[in-house]
Number of protein chains: 2
Amino acid sequence: MSPTAQVTPPPRTLTKNEALVFGILNGTDQPLSAYAILDQLRDDGLRAPVQVYRALDRLLEFGMAHRLESLNAFVACNHDHPEEAAQTAFAICESCGKVTEFTDPSLDEYLAYWAKSENFAPTRTTLELRGLCSACQ
Amino acid sequence: MSPTAQVTPPPRTLTKNEALVFGILNGTDQPLSAYAILDQLRDDGLRAPVQVYRALDRLLEFGMAHRLESLNAFVACNHDHPEEAAQTAFAICESCGKVTEFTDPSLDEYLAYWAKSENFAPTRTTLELRGLCSACQ
DNA sequence: GACTGAAATGTTACATCATTACATGAATTG
DNA sequence: CAATTCATGTAATGATGTAACATTTCAGTC
Ligand SMILES: [Zn+2]
Ligand SMILES: [Zn+2]
Ligand SMILES: [Zn+2]
Ligand SMILES: [Zn+2]
């Protein structure tokens with residue numbers, strides 16, 4: 001119940017552009033916009049936003065990256081997702097930009113309970129905390 | 001803990017543009033983008049997006065409207081918020097667009113608990129469920 | 001009523017985020 | 001070696017959001 005996104009399990013070997021984009025995302029703990037990624041890949045021959053968005057779409061499908069809706073930005077997945085696709089939440093530091101993923105069964109349970117009581121059928125959930133991480137307070 | 005937004009309590013009488021924007025939002029159960037609002041207010045003399053965004057900023061401050069991050073859109077508040085500003089969550093129907101707000105102490109408690117355990121100090125939280133409402137299944 | 005300062009509004013231009021449409025190239029397969 | 005599919009490239013455009021500055025409105029004061 002209340003999955004974060006549909007994950008296409010087989011992350012077959014990445015294509016060139018997918019690998020480039022994932023390399024950038026995986027090399028930082030900061031959320032990056034598609035255009036920020038593009039800027040870092042100019043030297044590798046990328047020229048247009050759509051090239052980045054296409055790669056991002058697939059990385060999202062594979063569960064290798066996440067989109068942060070409240071920032072219009074992307075991060076590499078940095079979390080061991082439980083077997084059962086559970087609710088993923090993000091804590092985003094507004095000072096240093098660090099993003100922490102977390103999941104918790106009780107959160108899933110609560111949301112599933114609410115959804116059932118309202119007869120709402122969720123397909124995708126966004127949960128993003130903005131604030132200050134422990135290092136930045 | 002884990003407030004949704006800072007609410008400036010005194011929603012003094014709205015200015016002309018604030019009233020126009022609120023009137024549009026309040027007249028529908030659909031989330032509207034700033035540009036969709038603008039289009040509906042051309043006849044009332046509004047010409048530029050910034051006029052709508054300024055009004056929206058204040059309506060958000062007053063707690064009279066909410067921004068849906070996953071849609072880049074806005075809705076009028078349609079919920080009796082508890083005394084203590086609690087976590088607000090949104091269920092968004094992907095078929096009919098209907099938006100339902102809900103709050104729950106146990107959700108607040110869970111997020112406050114997680115935040116404390118991680119020493120994360122939240123200032124703002126986004127929780128949005130996408131799916132199908134009971135009428136659309 | 002005229003002066004003054006603050007709030008609201010208006011105007012233009014620009015910045016940022018994302019997609020559509022179509023062309024080209026590389027890999028796979030019957 | 002076509003035929004197909006998938007990945008990539010290119011150009012243009014659409015959608016969302018903000019900065020900078022000018023003008024108007026209005027309340028308080030003289
Ligand atoms: Zn993850
Ligand atoms: Zn931090
Ligand atoms: Zn509300
Ligand atoms: Zn519906």
Side-chain angles (χ1 to χ4, degrees), chain A residues 5 8 10-25 30-62 64-75 92 94 97 124 126 128 130, chain B residues 5 8 10-25 30-62 64-75 92 94 97 124 126 128 130:
Chain A
T8 299
R12 36 93 175 146
T13 64
L14 299 178
T15 66
K16 172 172 155 271
N17 288 357
E18 289 162 12
L20 286 170
V21 169
F22 184 70
I24 297 295
L25 281 182
Q30 302 281 311
L32 296 177
S33 73
Y35 280 73
I37 295 168
L38 177 59
D39 283 343
Q40 296 193 45
L41 290 174
R42 298 264 179 208
D43 293 343
D44 296 282
L46 267 68
R47 319 248 97 215
V50 70
Q51 297 174 288
V52 174
Y53 282 110
R54 285 199 282 233
L56 285 170
D57 284 347
R58 288 181 179 129
L59 295 174
L60 296 180
E61 280 173 19
F62 300 157
M64 298 176 70
H66 301 291
R67 175 183 170 85
L68 300 175
E69 300 285 355
S70 65
L71 293 178
N72 294 337
F74 302 85
V75 287
I92 304 166
E94 310 211 76
R124 184 151 72 86
T126 299
E128 298 176 12
R130 307 283 293 272
Chain B
T8 299
R12 37 92 174 147
T13 64
L14 299 178
T15 66
K16 171 173 154 271
N17 287 358
E18 289 162 12
L20 286 171
V21 169
F22 184 70
I24 297 296
L25 281 182
Q30 301 282 311
L32 296 177
S33 73
Y35 280 74
I37 295 168
L38 177 59
D39 283 343
Q40 296 194 45
L41 291 174
R42 297 266 179 206
D43 293 343
D44 296 283
L46 268 67
R47 321 246 96 215
V50 70
Q51 297 175 288
V52 174
Y53 281 110
R54 286 199 283 234
L56 285 170
D57 285 346
R58 289 181 179 129
L59 295 174
L60 296 180
E61 281 174 18
F62 300 158
M64 298 176 69
H66 301 290
R67 175 184 171 84
L68 301 175
E69 301 284 356
S70 67
L71 292 178
N72 293 337
F74 302 85
V75 288
I92 304 165
E94 310 213 75
R124 185 151 71 85
T126 298
E128 299 175 13
R130 307 282 294 272

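Just so it is clear: chains get the letters A, B, ... in the order the sequence lines come, proteins before strands, and each one is counted from 1.
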Using a 4.0 Å heavy-atom cut-off to protein, can you give one letter per nucleotide of nucleotides 11-24 of chain D, 5' to 3': B if the base is in contact, S if only the sugar-phosphate is, - if neither?
B----BBBB-----
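- The only member of B:Leu60, B:Leu68, B:Val21 that meets side chain to side chain contact (heavy atoms under 4.5 Å, CB included) when paired with B:Phe74 is B:Leu60.
- A:Leu56 places a side-chain heavy atom less than 4.5 Å from the side chain of A:Leu25.
- Closest of all the heavy-atom pairs between A:Glu18 and A:Leu14 is OE1-CA, 3.5 Å.
- Just one of B:Val75, B:Ile24, B:Asp39 meets the side chain to side chain contact (heavy atoms under 4.5 Å, CB included) condition when paired with B:Leu32; it is B:Ile24.
- Atom C1' of nucleotide D:dT10 and atom CZ of A:Arg42 are separated by 13 Å, given to the nearest angstrom.
- The CD atom of B:Gln51 sits 14 Å away from the P atom of D:dT25 (whole-angstrom rounding).
- Atom CG of A:Leu38 sits about 11.0 Å away from atom CG of A:Asp44, to the nearest 0.5 Å.
- Closest of all the heavy-atom pairs between B:Ala73 and B:Ser33 is CB-N, 4.0 Å.
- In this structure, A:Thr15 does not reach the D:dC6 phosphate: none of its side-chain N or O atoms is under 4.0 Å from OP1 or OP2.
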Would you check, one step at a time, whether the test side chain to side chain contact (heavy atoms under 4.5 Å, CB included) holds for B:Arg130 with B:Leu71?
CA-CA 10 Å; B:Arg130 307 282 294 272; B:Leu71 292 178; 3.5 Å; yes
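- Here A:Glu69 pairs with A:Arg67, A:Arg124, A:Thr126, A:Glu128, B:Glu69, B:Ser70 under the side-chain contact (heavy atoms from CB on, under 4.5 Å) rule; sequence neighbours left out.
- Nucleotides of DNA chain C that come within less than 4.0 Å of any heavy atom of chain A span, from the 5' end to the 3' end, C:dC17 to C:dT20.
- One interatomic measurement links the two molecules: CG of A:Leu14 to P of D:dT8, which rounds to 10 Å at whole-angstrom precision.
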